[in-house]
Amino acid sequence: MAQSLLIVGINHRTAAVEVRERLAFRDDELVAALSRLKLVAPSVSEAALISTCNRVEIIAVAGDAEAAARELIGFLAAERNVTPDLFADAVYRLEGREAARHLFRVGTSLDSMVIGEPQILGQLKDAYVRAAEAATVGIVLHRAFHRAFSAAKKVRERTLIGHGTVSVSSAAINLAKQIFDSFEKKTVLLMGAGEMAETTARQLVRLGVESLLITNRTFERAVTLARALSGTAVPFDNYRPYLKIADVVIGSLTTNRPLLTREDIEGVLHERKYRPMFLIDLGVPRNFHEGLNELDNVYLYNVDDLAAVTDDTREEREREAQKAETIVEGELESFWRWLSGLELVPAIKDIRANIERLREAELQRHRAWLAALPREQRTHIEALSRGIINKILHQILSELRRNNGVVEGIYAADVARRLLGSEMPGEIKPAPARIADDDDAED
Amino acid sequence: MTIWLLPALICYAVASVLFAVDFSTRVQRLTGYAVSALAAGAVCHALDLIARGVQAGNIPVANFTQALSFLAWVTALAGLILIVRLRLAVIGALVAPSVLIALGASEAMAGGSGTLPSALRSIWLPVHVTLAFAGEALFVLAATVSLVYLFQESRLKAHRPMLSGHGTMPSLEKLDRINYRLLGWGFLLLTLAILSGALWAQHTWGRFWSWEPRESWSLITWVLYAALLESRLTVGWRGRRAATLTIVVFAVLVGSFVGVSLLYPGKHGGSFG
């Protein structure tokens, strides 16, 4: 039976998080698991396993897809010590071109929960490296993964799929970057506490703000938070003087009337010579008066405004995803051409040329006594040598052609080329170290 | 008209299109080509100016149209520096077409002699003219940067920021700082241009100042730019207000440059011939 690509797995669309957790593998378990896979899944000739919080998938090359899928599901159940029933409904099986498309879409993050998220490519590279270490990838998966990486790279370069911002806190950070050029000499005032506010403040600290001031109705809480974020606690009844040095103010207090009014900020602005202020209102009800946004050089965003920004990003990513799909199809087409054996032609040419070179070299070696022979005999010897290599080549090439269009053909061509051809130009070799470098360069 | 003019116009046109497409698609795959086209345009333009200068035997600023072409070239050069050194590709979409239009207009209106009366031929000429045009080019760029600032500011105020794109919009702080620096340097050059002009006048006609229209208007723009810089330093008029004023004062400058040149063909404006 013809070998082809096969994917068996579950993801965030088919399985609940509880099921995904039960089937997940740690990175350091992968090599050993894949080595065991070789033993328990005899129908599988190549395999890689990707496990993230959103998916557990085995990408394989197999002849009998039916049998291989059964073996792989059995393998997952045995490895994770669960009954196959646990995920029987969630499991999907993709074959051939569909499997390749899926792999490429995963790599370009089109299959991710949040389209365009950047982690998946690194995770896919890790999966590939582990499989290469376990020696379960062969020529087909090498090529498939490399194509997936190159599709992902093209998508990153040519579309805006990874741009914009998908969470409220990252929206706030991106906006801050649109207002301020650098954060080195900036001061952030965090009023109150709350998960979003803390995340935002933490990210600002990471960007290198000079000082982080934290105030809270309960001074103790301010102190605790200040210690965690290496900031400075300010008593709640005395935060106002600090407004004039605060470039970013994050409000996250529960209050029945706005804490900062137009008059408050107007006075502050004059003192700070109208250097811009970014007010992030994460409080419910609103901490800052809406009218503050009308003041020159003051930019006020509340939770709804920030959420609207993330919605815009989602819409844009949906649009960009269309372009990404087109890029994926292009890469898929070229991969599939290769896999379908259309690229056997260069292998055949290469083998023919190499054997012809050997023949010529041999004749050359014996040119001294050949030259002594009459012309007619020389011609016969030439013809004889050509006849022998043609017979040998015919047998090899017809075997290759018989398998043309199936993975066996590719394996056979690979073997034949290694035995009889010159070194394959641009041959893909497993190079875990180099892959890891690529990863760093891209992130 | 020299053989370099057409290539210069074509390069500027190509740069304009590339910068505009690059900005609207936001993936920034064309920035490098756009910058190269603008640079190529500036080189051809420089060769055109040199050829004219050699023909006339003096720096090619003998009449309004030549002066416009010279100013366009200095602007292209300063714009390139800004785009490359400060990674401000976004202004390319404004600078390239402005330069293209200025050069095109200068050629369309071309006329008059390119030769200066011998009274004006002096070492003071290139000094005075280069200072004046370098200063004005910086004011052109300051106004351009201010336009970008106002655009960016209005998006942020309206809660419709442009967050995506490989080269996202420059921050307000950066634009404001660049605007301030351009104004500062432009003002310095304008001051030196006026001083060198006065010294030259003293040297040639025996008087520093003769209240001819160009002189008066230079003084008016000098005062306006001084006030603009002063307002930032003392009352803190920065950001949107500074950007708006930069554009207003620049409009006055353009008005006086064009108006004086066309209405009062004296020592400065119009044709000297």
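Chain A is the first sequence line, chain B the second, and so forth, proteins listed ahead of strands; every chain is numbered from 1. Only this structure's heavy atoms are used, side chains among them; waters, hydrogens and symmetry mates stay out.
Between Leu156(B) and Tyr301(A), some side-chain heavy-atom pair lies under the 4.5 Å cut-off. Using a 4.5 Å heavy-atom threshold, the side chains of Glu173(B) and Lys186(A) count as touching. Between Leu306(A) and His159(B), the closest side-chain pair of non-hydrogen atoms is not below 4.5 Å. Residues Arg160(B) and Asp312(A) have side chains in contact (heavy-atom distance under 4.5 Å, counting atoms from C-beta outward).
Counting heavy-atom pairs closer than 4.5 Å to chain B, the top-ranked of the candidates Leu300(A), Leu175(A), Thr313(A), Asn293(A) is Asn293(A). Taking chain B as the reference chain and counting heavy-atom pairs below 4.5 Å, the highest number among Arg275(A), Glu294(A), His270(A) is found for Arg275(A). Between chain A and the options Ser171(B), Gly239(B), Gly236(B), the largest number of non-hydrogen pairs under 4.5 Å is found for Ser171(B).
Using a 4.5 Å cut-off between heavy atoms, Arg177(B) touches chain A through its side chain atoms alone. At a 4.5 Å heavy-atom cutoff, the contact between Ser182(A) and chain B is made by backbone atoms alone. For chain A, the nearby parts of Arg238(B) are the backbone and the side chain; heavy atoms of each come within less than 4.5 Å. In this structure, no portion of Ile161(A) lies under 4.5 Å from any heavy atom of chain B. Neither the backbone nor the side chain of Arg272(A) comes within contact range of chain B; no heavy atom of the residue lies under 4.5 Å from a heavy atom of that chain.
Sparse packing is recorded around OH of Tyr242(A), with 12 or fewer heavy atoms of other residues, nucleotides or ligands lying under 6.0 Å away. Heavy atoms of other residues, nucleotides or ligands lying less than 6.0 angstrom from CZ of Arg87(B) number 12 at most.
Lys157(B) contributes a side-chain N or O that, together with a main-chain N or O of Val298(A), makes up a donor-acceptor pair within less than 3.5 Å.
For the atom pair NZ of Lys273(A) and CZ of Arg232(B), the computed distance is 11.5 Å after rounding to the nearest 0.5 Å. Atom CD of Gln178(A) and atom CE of Met169(B) lie 7.5 Å apart (nearest 0.5 Å). Rounding to the nearest 0.5 Å gives a distance of 12.5 Å between CH2 of Trp237(B) and CG of Asn297(A). Put simply, CG on Asp181(A) and CG on Leu175(B) are 9.0 Å apart, with the number rounded to the nearest 0.5 Å.
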Criterion side-chain contact (heavy atoms from CB on, under 4.5 Å) on Phe180(A) and Leu172(B), from CA distance to verdict: CA-CA 6 Å; Phe180(A) 304 110; Leu172(B) 291 178; over 6 Å; no
